Amino acid sequence: MTHELLERDQIMAADLVGAARDVLNVMFFTDIMEEGGECASKKPFPLQVRVTFTGDQCGEFRMEVDELAAGSMAGSFLGTDPVETPSGEEIDQVMGELGNMICGAFLSRYEKESLFSLSPPEVIRPADGEIGGIYRGLELMEGFMDLRVRWGNTPG
Amino acid sequence: MNSLRILIVDDSPAMRGYIRRTVHLASLPVKKVFEAANGVEALEVVRRENRDPNKLDLIFADLNMPVMNGEEFVQKLREDERDAKVPVLIISTDATQKRVTRLRELGAQGYISKPCQPEMIRLKVHQILGEE
């Protein structure tokens, strides 16, 4: 890999984590404790969110979250009583929105001058396959999250 | 500021709930909240609820929605002169400059990028309604 490609990947990864941190801080009242390439996340994840984007650039974003983190973050977002657990449907809705927000925030940072259309987020249980591209594993206060972005045409 | 009749347009029930709570947290005087899951549903609500003597004061709208997205919704809304003056505040993840410029051209009065805090929503609402 050339030096330029490595540098571009590092900038992209930093923007991806920065976007996730912003969204998690402001709307989910949580934070990233650790970040890395292949972090100690517990795979396979039970939940995956996919968002494809088209426009000046196209590609795919994927977010995977463990059950504990998903339930806890959904509860924070929905403002439910801490002793209540959100339903599976509510968790999926909120995780879809979280994936949508991180993807949009990332693109707005990394490709400021471009115009994109995002697909509605698709929630898949359990997580299904990897797509390559830029990857960051995150340890949150509540559990683990993986983020991936791949540029280029999406299959199907 | 008088008590507001607002419409929240977002395909995500979770996000509609978040905006509803955020509006409350921002201490905005809200009389009635209507909800719609896409632009088509939103136009139905507007045609029903934005007629004399009652008018809608503000519409919060997402961009990425199935059936009819936020841009198409703003465009359609502006085609009927009875509804052309209802202010629209877009709340979306897409904060690229091109998008914001296009939305202004279409007739959206304001834009907030997600993630957003209640204070930002309060300021934007005051800014938009203050200009009325």
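All figures in this text were calculated on a predicted structure; none of them were measured in a lab. Chain naming here is simple, since letters A, B, ... match the order of the sequence lines and numbering starts at 1 in each.
For chain B, no part of Glu90(A) is nearby; none of its heavy atoms comes within less than 4.5 Å.
A distance of 10.0 Å separates CD of Gln93(A) from CG of Asp11(B), quoted to the nearest 0.5 Å. Atoms OG and CG, from Ser92(B) and Asn100(A) in turn, are 7.5 Å apart once rounded to the nearest 0.5 Å.
Contact detail for Arg21(B) and Gly79(A): the closest heavy-atom pair is NH2-N, 4.0 Å. Here the closest heavy-atom approach between residue Val94(A) and residue Ala14(B) is recorded as CG2-CB, 3.7 Å. Here the shortest heavy-atom pairing between Leu115(A) and Arg102(B) reads CD2-NH2, 3.3 Å.
When hydrophobic clusters are built by joining Ile, Leu, Val, Met, Phe, Trp and Tyr residues whose side-chain heavy atoms come closer than 4.5 Å, directly or via intermediates, Leu147(A) is grouped together with Ile11(A). No continuous path of ILVMFWY side-chain contacts below 4.5 Å connects Ile124(A) to Phe144(A), so the two sit in separate hydrophobic clusters.
Taking Ala105(A), Ser114(A), Ser117(A), Ser119(A) one by one and counting their heavy-atom pairs under 4.5 Å with chain B, the maximum is reached by Ser114(A).
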What side-chain donor-acceptor pairs closer than 3.5 Å can you find for residues 16-28 of chain A, not counting sequence neighbours?
| residue | atom | partner | partner atom | Å |
| --- | --- | --- | --- | --- |
| Asp22(A) | OD2 | Arg109(A) | NH2 | 2.8 |
| Asn25(A) | ND2 | Arg21(A) | O | 3.4 |
| Asn25(A) | ND2 | Thr30(A) | O | 2.8 |
| Asn25(A) | ND2 | Asp31(A) | OD1 | 3.2 |

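For CD of Glu119(B), the number of neighbouring non-hydrogen atoms (other residues, nucleotides, ligands) closer than 6.0 Å is greater than 12. Within a 6.0 Å radius of NZ in Lys55(B), other residues, nucleotides and ligands contribute more than 12 heavy atoms.
Applying the 4.5 Å side-chain rule to ILVMFWY residues, one finds that Phe29(A) remains a lone member of its cluster. With a 4.5 Å cut-off between side-chain heavy atoms of Ile, Leu, Val, Met, Phe, Trp and Tyr, the cluster of Met33(A) takes in Met141(A).
Contact annotation for residues 63-81 of chain B against chain A (heavy-atom separation below 4.5 Å, listed by residue number): Asn64(B).
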